[in-house]
Amino acid sequence: MALTEILDYDSEYREALFEKLKEYNIDTKIINDDTQLRNISQLDSLNFLQINMDIEDKFNIDLKNEDYNDRSTIGDWIKYIENSKKNFE
């Protein structure tokens, strides 16, 4: 896979996550790849669960409960989605 393809996927995943965060009135201008999603005061555990389900549906992947701690930052989410898509292919 070419670097430009990887960057396109990276952007697609990031954009999808940011769109979900905007639904909860989160200012994505202050979010970066190192932002701990669980530390965002506007997100409670139910919101986080809903984001998980929406991302599963959008990218047709299975977010495993045992990998919950592997998805704490935006960067973690992007890597997790990318790896899930690779394992699915």
Side-chain angles (χ1 to χ4, degrees):
M1 183 179 295
L3 180 59
T4 53
E5 290 179 272
I6 293 169
L7 293 175
D8 286 345
Y9 285 128
D10 187 71
S11 297
E12 178 185 0
Y13 304 150
R14 183 176 286 104
E15 183 63 30
L17 290 166
F18 277 26
E19 287 304 313
K20 284 281 112 197
L21 293 174
K22 287 177 186 176
E23 290 178 18
Y24 297 98
N25 297 317
I26 295 168
D27 182 5
T28 56
K29 293 176 193 141
I30 61 170
I31 305 288
N32 63 43
D33 283 1
D34 296 323
T35 301
Q36 295 282 329
L37 295 180
R38 293 180 192 99
N39 292 340
I40 297 173
S41 61
Q42 295 98 317
L43 289 179
D44 61 24
S45 57
L46 186 57
N47 299 141
F48 198 73
L49 179 62
Q50 185 62 50
I51 290 170
N52 275 271
M53 292 186 306
D54 291 344
I55 293 299
E56 279 182 316
D57 291 343
K58 178 160 183 67
F59 294 109
N60 194 28
I61 59 175
D62 182 28
L63 299 174
K64 298 180 181 355
N65 289 336
E66 60 268 18
D67 297 335
Y68 182 78
N69 290 327
D70 295 337
R71 301 185 306 267
S72 59
T73 67
I74 291 287
D76 292 340
W77 271 89
I78 291 168
K79 288 177 199 164
Y80 191 89
I81 295 167
E82 189 174 89
N83 289 335
S84 296
K85 294 295 281 183
K86 281 182 196 173
N87 292 334
F88 184 74
E89 295 172 347

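Heavy atoms only: backbone and side chains are in, while hydrogens, waters and symmetry mates are out.
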Exercise. How far apart are the C-alpha atoms of N32 and I74, what are their side-chain angles, what is the distance that settles it, and do they pass the side chain to side chain contact (heavy atoms under 4.5 Å, CB included) test?
Worked result: CA-CA 7 Å; N32 63 43; I74 291 287; over 6 Å; no

Exercise. Should I30 and T35 be marked as a side chain to side chain contact (heavy atoms under 4.5 Å, CB included) after you check the CA-CA gap, both sets of side-chain angles, and the distance that decides it?
Worked result: CA-CA 9 Å; I30 61 170; T35 301; over 6 Å; no

For this session: Give the C-alpha distance, both sets of side-chain angles, the deciding distance and a yes or no for side chain to side chain contact (heavy atoms under 4.5 Å, CB included) between L43 and I51.
Result: CA-CA 10 Å; L43 289 179; I51 290 170; 3.9 Å; yes

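Residue N39 qualifies as enclosed at atom CG: its count of foreign heavy atoms under 6.0 Å is above 12.
Between I78 and Y13 the shortest heavy-atom distance is O-CD1, 4.0 Å. Taking every heavy atom of both residues into account, K64 and R71 meet most closely at O-NH1, 3.2 Å. Closest heavy-atom contact between F59 and E12: CE2-OE2, 3.5 Å. Nearest heavy atoms, D62 versus Y80: O-OH, 4.0 Å. Of all non-hydrogen atoms in I61 and I55, the two that sit nearest each other are CG1-O, 4.3 Å.
One distance of note links CH2 of W77 with OG of S84; it measures 9.5 Å at 0.5 Å rounding. Atom CD1 of I81 and atom NZ of K58 lie 10.0 Å apart (nearest 0.5 Å). Atoms CG and CG, on N52 and D67 in that order, are 11.0 Å from each other to the nearest 0.5 Å.
The backbone N or O of D54 sits nowhere less than 3.5 Å from a side-chain atom of D57 that would complete a donor-acceptor pair. T73 contributes a side-chain N or O that, together with a main-chain N or O of D76, makes up a donor-acceptor pair within less than 3.5 Å. Under a 3.5 Å cut-off, the side chain of Q42 and the backbone N or O of Y24 do not form any donor-acceptor pair.
A 4.5 Å side-chain heavy-atom check between L17 and L37 finds every atom pair outside the cut-off.
Between K79 and D70 there is no salt bridge, since none of the side-chain N atoms of the basic residue sits less than 4.0 Å from a carboxylate O of the acidic one.
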